[in-house]
Number of protein chains: 2
Amino acid sequence: MPTIDDIARIAQVSPATVSKVVNNRPYVSAETRARVERVIAETGFVPSQRARGLSRKRSSILGLIIPYTSDQLFLDPHLLELMRGIEAVANEHDYNLLLSTAREAVDAASACVRMLRSDMIDGAIIVETNDVQPFAAALAAESSPWVVVGYAQQSATPAVHADDYGGALQATRHLLRLGHRRIGVISSVWRPFAIEERERGIRDALSEAGVALDQDLMALGDFSIESGGHAGRALLEGGSPPTAIFALNDRMALGLIRAAADHGLRVPDDLSVVGFDDISLATLLTPALTTVSQPGFALGTAAASALFQLLDGAPLAPPAALPTDLIVRGSTGQPRDL
Amino acid sequence: MPTIDDIARIAQVSPATVSKVVNNRPYVSAETRARVERVIAETGFVPSQRARGLSRKRSSILGLIIPYTSDQLFLDPHLLELMRGIEAVANEHDYNLLLSTAREAVDAASACVRMLRSDMIDGAIIVETNDVQPFAAALAAESSPWVVVGYAQQSATPAVHADDYGGALQATRHLLRLGHRRIGVISSVWRPFAIEERERGIRDALSEAGVALDQDLMALGDFSIESGGHAGRALLEGGSPPTAIFALNDRMALGLIRAAADHGLRVPDDLSVVGFDDISLATLLTPALTTVSQPGFALGTAAASALFQLLDGAPLAPPAALPTDLIVRGSTGQPRDL
DNA sequence: CTGAAAGCGCTTACAG
DNA sequence: CTGAAAGCGCTTACAG
């Protein structure tokens, strides 16, 4: 691999001049520029990113930190939409994405901090797949800018998130309006703040209608299809089963529908089901899934744009909440006993 | 951010000694080591990866090159399984993954080459999501080692792939054994070599049974659910529709099943459907999808392991083919007229 | 066991 | 417009 000195020697100029040509800077005569460019083309010279990064103090790499504790999280189509959005904006800015997915919660914290502190990346997007509180403090002390896709619980943290509260509120009101009173919830053992917000939306909608959230109607999954099935079975086999179940992501809702079928229950006649995310497979089942759509791609572009603004020295924008939307399809209907 | 010189000054040793401590090298007295380690802990020093990379001539970063032309590809659960496998092995070796997903075919080539030629990464895994031939030659000239997840058409290219031919052969034989003779195929407009192999498996199985592949029974999609629906409709609305359709990935198969339902056809009574991949959602539909399982995670670990062997200077291993497996579920049965 | 010095391959003022 | 020199923050022989 040729270096800038090789190019300089061959083109009979100084390395400084080659540098100017490579970086499209002025004060190089047209003739010299042409000569250098020819040599670069002939040799296939590509500047060393390491050396360039060392002297320029930036790497053109963005960290994408996904502190997942579950493989299931990584397979969630919503997370992928998010990544696509981030990637699209990074591409525009000629940045690459460095993936960091620490396994254990403790490791996650130190891996995040290490990545931010090492100069591998110029900034990071941290996906709040779990409770990020444990290392938020550590992150706050770091010099590299970072943006959370999730909730900023320290006001000085730039963050973008979907309107989880509003989405859950709408979905629960929808079930109440249909006449459901025994409404089950499949929530999550992982506790990103988005889950708290969704639960809060459910509670508020229920209390508007004078309905209390029955703890017996609350089950937990891990966002996987299978866990939705397990949680669903637990709820359906309880003393007085619910007439509707709100699963806090679509994959668990799909597992739940499967479990309901195994129990001989038809959706929506015997059981209404609502999900959250609106993944592309939500429309494939019969009946198609009623769900809350989440703007995954837009969340990704918003987070990445915010990070680039930060890198450009712009002041910290207030946390942005992108709208969610209830999509009513066939999996919800009136309860049987109406 | 403290540098190695800061640490050296505070601990009253030379930078060389700090370097030894940081890299766990011998020839440092226990006392000195302890002192340096204390200073490192107190300051939160993390060595500059840029500087380290520059002098060590390696970056501890692996490139993951996914030259997709379609957003749909990136959403494919099979691709994700692959990424998980790669990521798992990279993690073990303390490597991070640098994502590169070039959009246009031309860009893809130059982006791949640039990434391999720049010293950003120590090696790369290239996912053959499309025909990689156009830039295989350019890649072959590069010094960084790389492994293809797909087919090595130049013998000197290390590659791992699933036994696409065998899987398609099995699946087609299964349909033939059930009595199908008019077998439709939903193939792909993108032409990774895996698709050629699957088509070859189909042709060979058919010709074993003395059946020719009717071009009217061949439709193309782009791996998306929607395209499976379109292609399916085209096949079902043709002159003499097939009694079975083999979609070359699961997502298209799911779209096809949906389209069949819209046509008033029941699966498998009126139409048998086979997919390829065995994504987790394949079991959710009623009936569950008969499909060819592909070892996505294992392909990822195999590719990454091969790359690390190459980095360790091991000789080039012959291309590895991992077994695929026909999983018979409810979406296939005897044709109506038997 | 410890440290001075050169080197990795760029960029950036600065002088000419 | 051009180039000499210092510097980015490490590591690596090498000498002591």
Side-chain angles (χ1 to χ4, degrees), chain A residues 1-37 39-40 43-61 94 114-122 143-144, chain B residues 1-37 39-40 43-61 94 114-122 143-144:
Chain A
M1 293 207 304
T3 69
I4 200 172
D5 289 314
D6 297 329
I7 305 304
R9 196 168 358 89
I10 300 175
Q12 308 198 54
V13 293
S14 70
T17 299
V18 177
S19 177
K20 280 172 201 154
V21 172
V22 167
N23 296 295
N24 268 312
R25 281 196 222 299
Y27 305 121
V28 180
S29 72
E31 188 195 11
T32 306
R33 188 180 295 274
R35 182 152 35 92
V36 172
E37 273 168 352
V39 174
I40 289 176
T43 55
F45 168 67
V46 174
S48 159
Q49 294 302 313
R50 293 201 261 261
R52 190 196 288 240
L54 189 58
S55 60
R56 283 226 274 237
K57 300 180 168 302
R58 50 188 216 92
S59 58
S60 295
I61 297 178
D94 275 319
R114 280 187 72 83
M115 179 167 279
L116 283 172
R117 199 170 288 172
S118 92
D119 53 5
M120 264 187 174
I121 58 176
D122 294 340
S143 52
S144 292
Chain B
M1 294 207 305
T3 68
I4 201 172
D5 289 314
D6 298 327
I7 305 304
R9 196 167 358 89
I10 299 175
Q12 309 197 50
V13 293
S14 72
T17 300
V18 177
S19 177
K20 280 174 200 150
V21 173
V22 166
N23 296 296
N24 270 311
R25 280 195 223 299
Y27 304 120
V28 181
S29 72
E31 188 194 12
T32 305
R33 188 179 296 272
R35 181 151 36 94
V36 172
E37 272 167 353
V39 174
I40 289 175
T43 55
F45 168 69
V46 174
S48 159
Q49 295 302 314
R50 293 199 262 260
R52 192 196 288 239
L54 189 58
S55 61
R56 283 227 275 236
K57 299 183 169 303
R58 51 187 214 93
S59 60
S60 295
I61 296 178
D94 276 319
R114 277 189 75 83
M115 178 168 282
L116 283 172
R117 198 171 289 172
S118 94
D119 53 6
M120 262 188 175
I121 59 175
D122 294 341
S143 52
S144 291

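Residue numbering restarts at 1 for every chain, and letters A, B, ... go by the order of the sequence lines.
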### Query
Tell me: OH of Tyr27(A) to P of dT11(C), nearest whole Å?
18 Å

### Query
side-chain contact (heavy atoms from CB on, under 4.5 Å) between Arg9(B) and Val18(B): does it pass, once the steps are laid out?
CA-CA 10 Å; Arg9(B) 196 167 358 89; Val18(B) 177; over 6 Å; no

### Query
Starting at CD1 of Ile40(B) and ending at C1' of dC10(D), how long is that distance when rounded to a whole Å?
13 Å

### Query
Yes or no on side-chain contact (heavy atoms from CB on, under 4.5 Å) for Asp6(A) and Thr43(A), after CA distance, side-chain angles and deciding distance?
CA-CA 9 Å; Asp6(A) 297 329; Thr43(A) 55; over 6 Å; no

### Query
Is the closest side-chain heavy-atom distance between Arg52(B) and Val22(B) below 4.5 Å?
yes

N/O contacts under 3.5 Å, protein versus nucleotides 7-9 of chain C?
unit_1: dC8(C); atom_1: O3'; unit_2: Lys57(B); atom_2: NZ; d: 2.9
unit_1: dG9(C); atom_1: OP1; unit_2: Lys57(B); atom_2: NZ; d: 3.2
unit_1: dG9(C); atom_1: N2; unit_2: Ala51(A); atom_2: O; d: 3.4

### Task
Round to a whole Å and report the spacing from CZ of Arg25(B) to P of dA13(D).
10 Å

### Query
Given Asn23(A) and Arg56(A), is the side-chain contact (heavy atoms from CB on, under 4.5 Å) satisfied, shown in steps?
CA-CA 12 Å; Asn23(A) 296 295; Arg56(A) 283 226 274 237; 3.4 Å; yes

### Task
Flag yes if more than 12 heavy atoms outside Gln12(A) fall under 6.0 Å of its CD atom; otherwise flag no.
no

### Query
Does any residue of residues 12-22 of chain B have a heavy atom under 4.0 Å from DNA chain C, and if so, which ones, in number order?
Val13(B), Ser14(B), Ala16(B), Thr17(B), Lys20(B)

### Task
Might you work through the side-chain contact (heavy atoms from CB on, under 4.5 Å) test for Met120(A) and Ile61(B), ending with a clear yes or no?
CA-CA 10 Å; Met120(A) 264 187 174; Ile61(B) 296 178; 4.1 Å; yes

### Task
Using both pair distances under 3.5 Å as the test, note the stems of at least 3 consecutive Watson-Crick or G-U pairs that include DNA chain D.
C:1-3 with D:14-16, C:5-12 with D:5-12, C:14-16 with D:1-3

### Query
Distance from Lys57(B) atom NZ to Arg50(A) atom CZ, nearest 0.5 Å?
7.5 Å

### Query
Any side-chain heavy atom of Asp94(A) within less than 4.5 Å of one from Ser60(A)?
no

### Query
Taking side chain as C-beta onward, heavy atoms only, is Ser14(B) less than 4.5 Å from Thr17(B)?
yes

### Message
Looking at Asp119(A), is its backbone amide N or carbonyl O close enough to the side chain of Ser48(B) to form a donor-acceptor pair, meaning the two atoms are under 3.5 Å apart?
### Response
no

